Amino acid sequence: MKICMKCKRAFEDEKKVCDFCGEPLIEIRETDGVKKERIKKNPMAFAVIGIAIALVAGLGIGSLTMKQLVTGKNEKSAVQSVETDEENVLGEVKKEKGVSIEDEEEETDEDEVPEIKVGETWTVDGLWKVTINSVTETEERHTDTSYDGDKNPEAVYIVDYTYENLGYKSDSSGLGIDLSGVYSQIVDSDKEMGYSYYVYVLSKLTSPDYVPVGARMTAQVAIGVNHKGTFSILYEGRVEDRENLYDSKIYRVKFICEVKE
């Protein structure tokens with residue numbers, strides 16, 4: 001049996017062209033129950049079949065017959081089938097890993113910095129936890145420029161905080177967290193950088209020190225800012241790889257130090 005590519009009419013085997021449109025006919029043969037098509041004298045149809053074969057080989061459209069691909073009737077459904085198959089495969093992979101598509105959309109960037117307010121606790125499992133207990137303003141100032149040069153802050157705040165060593169180990173004596181030290185960046189209410197500030201009242205404060213695993217400590221630091229009001233402390237906690245320092249892990253947090261008027 002032969003079929004016309006243009007008008008889709010069927011003819012007997014002896015026909016070579018369509019009686020209605022004059023287009024060459026396609027000979028349809030059946031071998032072992034599987035339909036195979038041979039295109040005669042129709043380069044356009046040959047190109048269509050070439051594309052169809054590429055789709056079958058590259059995209060796995062096994063559910064479409066060659067005849068359907070040649071006629072183009074299921075071109076749209078073939079693309080939709082491929083997209084559906086890809087989604088199903090991805091879904092199965094995520095299911096095996098215990099991650100759903102919804103969970104993936106809710107995943108956060110590893111570089112996202114959490115914001116912790118006064119009274120809240122920043123916890124890094126197995127390493128440490130830190131809580132800012134209070135932020136209070138002090139009127140204490142010094143006139144000796146040997147301490148802080150010519151710094152003249154508009155406000156000085158005492159930050160009281162507690163940190164606990166949950167499992168941090170180093171070559172030193174343990175965990176030490178200084179919220180006014182080199183691993184801290186202070187930004188005031190006008191987005192200007194703040195700084196550690198020496199005041200005489202520091203003699204009454206407890207400076208941060210190292211604590212071993214399982215211990216905690218409450219310390220205070222004095223911070224100067226050129227603009228009064230709520231400020232922030234961006235702190236970096238580093239966990240060094242003893243074998244390769246370039247593989248050190250950095251944990252970041254932004255403490256929001258709210259100042260009540």
Side-chain angles (χ1 to χ4, degrees), residues 108-125 127-166 168 170 172-211 215-240 248-261:
T108 58
D109 189 348
E110 290 183 359
D111 294 332
E112 183 177 353
V113 179
E115 295 187 354
I116 305 297
K117 298 179 180 179
V118 176
E120 297 178 346
T121 300
W122 174 47
T123 301
V124 179
D125 292 338
L127 293 174
W128 58 70
K129 61 180 180 180
V130 184
T131 304
I132 292 185
N133 304 313
S134 63
V135 178
T136 56
E137 185 176 1
T138 179
E139 299 298 328
E140 289 281 345
R141 298 293 188 278
H142 65 77
T143 57
D144 189 347
T145 58
S146 63
Y147 289 106
D148 290 306
D150 57 353
K151 292 179 181 177
N152 185 26
E154 181 179 30
V156 176
Y157 298 104
I158 305 299
V159 178
D160 180 278
Y161 63 101
T162 300
Y163 56 95
E164 181 177 348
N165 190 340
L166 301 179
Y168 175 81
S170 68
S172 60
S173 301
L175 175 69
I177 294 181
D178 185 355
L179 293 185
S180 64
V182 295
Y183 295 118
S184 298
Q185 291 182 318
I186 304 163
V187 180
D188 69 17
S189 60
D190 196 41
K191 302 186 184 305
E192 186 174 347
M193 299 302 295
Y195 40 84
S196 175
Y197 186 81
Y198 179 84
V199 291
Y200 295 115
V201 75
L202 282 177
S203 60
K204 300 179 182 179
L205 304 181
T206 301
S207 299
D209 201 351
Y210 293 107
V211 296
R216 65 177 181 272
M217 179 177 188
T218 297
Q220 298 84 34
V221 293
I223 291 175
V225 294
N226 293 336
H227 303 88
K228 296 183 65 172
T230 298
F231 60 96
S232 66
I233 302 175
L234 179 63
Y235 178 78
E236 290 187 354
R238 296 173 178 264
V239 179
E240 296 182 352
S248 299
K249 179 70 175 180
I250 298 177
Y251 299 90
R252 295 183 176 89
V253 65
K254 179 184 285 187
F255 291 107
I256 306 300
C257 301
E258 184 179 3
V259 176
K260 297 182 180 180
E261 301 295 338

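Computed from a predicted structure; not experimentally measured.
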### Task
Could you give me the CA-CA distance, side-chain angles and deciding distance for L179 and I132, then say whether side chain to side chain contact (heavy atoms under 4.5 Å, CB included) is met?
CA-CA 10 Å; L179 293 185; I132 292 185; 4.2 Å; yes
### Query
Taking the side chain as C-beta and beyond, is there a heavy-atom pair between E258 and K117 under 4.5 Å?
no
### Query
Which atom pair, heavy atoms only, marks the closest approach of C257 to V135?
CB-CG2, 3.8 Å
### Worked verdict on I223 versus I233 for side chain to side chain contact (heavy atoms under 4.5 Å, CB included)
CA-CA 10 Å; I223 291 175; I233 302 175; 3.6 Å; yes
### Task
Take W122 and K254, measure what side chain to side chain contact (heavy atoms under 4.5 Å, CB included) needs, and give me the verdict at the end.
CA-CA 9 Å; W122 174 47; K254 179 184 285 187; over 6 Å; no
### Task
Return yes if a side-chain donor-acceptor contact under 3.5 Å exists between E154 and N226, otherwise no.
no
### Query
Got V253 and P114 here, is their nearest side-chain heavy-atom distance under 4.5 Å?
yes
#### Entry: F255 and E120, any side-chain heavy atoms less than 4.5 Å apart
no
#### Entry: Heavy-atom closest pair, residues G194 and V225
CA-CG1, 4.4 Å
#### Entry: Pairwise side-chain contact, V221 with S196, heavy-atom cut-off 4.5 Å (strictly under)
no
### Query
When rounded to the nearest 0.5 angstrom, what is the spacing between CH2 in W128 and OG1 in T121?
15.0 Å
### Shortest non-hydrogen separation from L175 to E164 and the atoms involved
CD2-O, 3.7 Å
### Query
Roughly how far, to the nearest 0.5 Å, is OH of Y195 from NZ of K151?
6.5 Å
### Query
Hey, does the side chain of Q220 reach the backbone of T206 with a donor-acceptor pair shorter than 3.5 angstrom?
yes
### Message
Please determine whether the number of non-hydrogen atoms from other residues, nucleotides or ligands lying under 6.0 Å from atom CD of Q185 exceeds 12.
### Response
no
### Message
Treating T138 as the side-chain partner and V156 as the backbone partner, does any N or O pair qualify as donor plus acceptor under 3.5 Å?
### Response
no
### Point-to-point distance, once rounded to the nearest 0.5 Å, from CD1 of I177 to OG1 of T162
10.5 Å
### Query
Hey, does the side chain of D160 reach the backbone of N133 with a donor-acceptor pair shorter than 3.5 angstrom?
no
### Query
Could you give the distance from CD (E236) to CD1 (I250), rounded to the nearest 0.5 Å?
5.0 Å
### Summary
Correct closest heavy-atom pair for G174 and Y210 would be O-CD2, 3.3 Å
#### Entry: Where V259 and G229 come nearest, the two heavy atoms and their spacing
CG2-O, 3.4 Å
### Task
State whether a side-chain donor-acceptor pair under 3.5 Å links D178 with Y163.
no
### Query
Would you call Y168 and V124 a side-chain contact if the rule is heavy atoms closer than 4.5 Å?
no
### Candidate pair V159 and F231, rule side chain to side chain contact (heavy atoms under 4.5 Å, CB included), full reasoning
CA-CA 11 Å; V159 178; F231 60 96; 4.0 Å; yes
### Backbone N/O of G119 and side chain of T131: donor-acceptor pair under 3.5 Å
no
### Task
Over all heavy atoms of both residues, which pair between Y251 and V239 is shortest? Give the atoms and the distance, please.
CE1-CG2, 3.7 Å
